[in-house]
Amino acid sequence: MAVAMLDHERLTATVRALREQAATQLQGKIITVLSPKGGQGKSTLAKELAWILNGVLVDLDWDGGRVSRLLGYLADRYRTAPLLDALFDERGRPPRVYRSRNRPDMVPGHRDFEPNQPEPDAMADLLIAWNRALGRSMVVDTHPGGSRSTLGAAQAADLVVMPVILGTGELDAVEDALTELAGFNLLLVPNHTPANPQHLPRHESSRLLALAEQHDVRVADTFVRHHGWMTRRKVRTVISAQARHGKNSAALTHNMTALAREVLTHAA
Ligand SMILES: Nc1ncnc2c1ncn2[C@@H]1O[C@H](COP(=O)(O)OP(=O)(O)OP(=O)(O)O)[C@@H](O)[C@H]1O
Ligand SMILES: [Mg+2]
């Protein structure tokens, strides 16, 4: 019991310390989370990293499963749409940031962003300008696959984080994407991996490493475990923001703090 208490306190202290460190070390940086295929874990990584790294979470997805909705923001309840308002703001002001407990400060997404999304260069310029005006760092979550806004968010990024599931079709998609994203500072993050590294799919792991080498990009040291309970979690908050941890949330938070340290190193 005493040991469990200590572990729990150490974990929340680790998250607190990383948030403080990132607030200065990452200031002005943009981290974009993208993947060429849906359901790879973008929104999961984006929300947890945004919290641990103390950045503003910018939701550039427009589908129902977008991260701001996952975090409880229902766009229909509000008369204004911060992302769209900022896109069309004649004075170029940054979006209004939505704040709530145990969630990163965020720029919520909107279903009407799809037809209104700017061309890549314009999107990149806007993100850089907004980030400068907000004086923080940004973690940008994106719609799956290629789109104008996703490409723009990649262009604006100091680091592009790409979650990857070790499967045949998923790696086919990564292979094509790495060609399109040549020259970007990329970090590939294996997701849904088995708890025991000996159970990693051998062929797919080798294929990922070969692709990374061929395209001169990094594979994260942190492999994010498959956490079976996560899809059924009902609370719309960030897991690593929990004040108290059980075994499940602690395991996920350990994964995310390790990944956040890597992001700090490679983006700062
Ligand atoms: N490591 C993991 N272990 C267990 N479940 C996970 C893990 N990572 C993500 N998930 C679950 O998989 C589903 C898809 O994850 P997520 O929404 O983060 O993916 P996404 O890439 O943002 O999807 P989309 O392309 O639709 O935006 C969610 O239900 C999420 O809870
Ligand atoms: Mg998503």
Side-chain angles (χ1 to χ4, degrees), residues 31-52 57-73 75 83 103-104 106-111 113-114 117 139-147 149-151 153-154 160-167 169-171 173-174 177 181 186-197 199-201 204-205 208 219-242 246-260 262-263:
I31 293 133
T32 293
V33 187
L34 59 75
S35 67
K37 231 173 145 29
Q40 304 293 292
K42 291 179 293 299
S43 298
T44 303
L45 297 193
K47 73 183 170 65
E48 298 294 328
L49 287 175
W51 175 263
I52 299 172
L57 175 65
V58 179
D59 186 3
L60 295 188
D61 197 359
W62 50 82
D63 275 347
R66 60 186 174 268
V67 70
S68 44
R69 178 161 170 194
L70 186 71
L71 288 173
Y73 185 94
L83 179 63
R103 298 166 181 95
M106 65 181 163
V107 176
H110 198 282
R111 79 168 86 79
F113 180 62
E114 180 181 19
Q117 62 185 304
V139 177
V140 184
D141 189 22
T142 57
H143 185 75
S147 67
S149 55
T150 298
L151 191 54
V160 173
V161 173
M162 187 194 291
V164 180
I165 293 178
L166 296 171
E170 288 83 355
L171 289 168
V174 169
L181 296 172
L186 267 168
L187 183 66
L188 307 179
V189 183
N191 189 18
H192 287 281
T193 64
N196 181 346
H199 297 159
L200 278 166
E204 289 71 17
S205 306
L208 180 69
V219 176
D221 294 331
T222 308
F223 283 30
V224 180
R225 270 180 47 190
H226 175 70
H227 298 272
W229 50 276
M230 221 154 57
T231 45
R232 297 183 302 277
R233 187 170 180 263
K234 307 287 184 293
V235 193
R236 294 178 179 276
T237 54
V238 164
I239 296 165
S240 52
Q242 286 180 202
K247 200 164 139 255
N248 285 341
S249 65
L252 188 276
T253 304
H254 273 300
N255 266 179
M256 290 301 141
T257 51
L259 181 61
E262 292 193 61
V263 170

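Here the structure is a predicted model, which means the values were calculated and not measured. For ligands, and for the atoms within them, numbers begin at 1 and follow the listed sequence. Counting begins at 1 with the first residue of the sequence.
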Do side-chain atoms of [X] reach the backbone of [Y] as a donor and acceptor pair under 3.5 angstrom?
X      : Y      : value
Thr150 : Gly146 : no
Glu262 : Thr222 : yes
Asp63  : Gly65  : no
Thr193 : Val224 : yes
Arg236 : Arg69  : yes

Quiz item: Counting only heavy atoms not in Arg103, do more than 12 fall under 6.0 Å of its CZ?
Solution: yes

Practice problem: Could you tell me how the ring of Trp62 sits relative to the ring of His143: parallel (under 30°), tilted (30 to 60°) or perpendicular (over 60°)? | Solution: parallel

Quiz item: Who's the nearest protein heavy-atom neighbour of atom 11 (C) of ligand 1, and how far?
Solution: Thr231 CG2, 3.6 Å

Exercise. Give the residue, atom name and distance (to 0.1 Å) of the protein heavy atom nearest atom 19 (O) of ligand 1.
Key: Gly41 N, 3.0 Å

N/O to N/O below 3.5 Å, does that happen between [X] and ligand 1?
X      : value
Gly39  : yes
Asp141 : no
Val224 : no
Lys42  : yes
Lys37  : no
Thr44  : yes

Could you tell me, atom by atom, which parts of ligand 1 come under 4.0 Å of a heavy atom of [X]?
X      : value
Gly38  : 25 (O)
His226 : 3 (N), 4 (C)
Pro144 : 25 (O)
Ser43  : 17 (O), 18 (O), 20 (P), 22 (O)

Quiz item: Using heavy atoms and a threshold below 4.0 Å, how should the contact between Asn191 and ligand 1 be classified: side chain, backbone, both, or neither?
Solution: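 The side chain, only.
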
Quiz item: How does Asp61 reach ligand 1, if at all, at less than 4.0 Å between non-hydrogen atoms: by side chain, backbone, both, or neither?
Solution: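 Only the side chain of Asp61 comes within reach of ligand 1.
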
Quiz prompt | Shell of protein N/O/S atoms around the Mg ion (ligand 2), taken as anything under 2.8 Å | solution = Ser43 OG

Self-check item: Criterion side-chain contact (heavy atoms from CB on, under 4.5 Å) against Val160, the qualifying member of Thr142, Leu34, Ile31, Val33
Solution: Leu34

Practice problem: Identify which one of Leu187, Val174, Val189 satisfies the side-chain contact (heavy atoms from CB on, under 4.5 Å) criterion when paired with Met162. | Solution: Val174

Quiz question: by atom type and distance under 3.5 Å, do the side chains of [X] and [Y] form a donor-acceptor pair?
X      : Y      : value
His227 : Asn255 : yes
Gln242 : Thr237 : no
Gln40  : Ser35  : no

Self-check item: Close approach of Arg66 to ligand 1, heavy atoms, under 4.0 angstrom
Solution: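 No, Arg66 has no heavy atoms under 4.0 Å from ligand 1.
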
Quiz prompt | Residues forming a side-chain contact (heavy atoms from CB on, under 4.5 Å) with Ser43, sequence neighbours excluded | solution =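 For Ser43, the residues satisfying side-chain contact (heavy atoms from CB on, under 4.5 Å) (neighbours in sequence not counted) are Val67, Asp141.
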
Quiz prompt | Option nearest atom 6 (C) of ligand 1 (shortest heavy-atom distance, choices His227, His192, Arg225) | solution =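 Nearest heavy atom to atom 6 (C) of ligand 1 lies in His192.
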
Self-check item: Between OG1 on residue Thr32 and NZ on residue Lys42, distance to nearest 0.5 Å
Solution: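 Rounded to the nearest 0.5 Å, the OG1-NZ separation comes out at 12.5 Å.
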
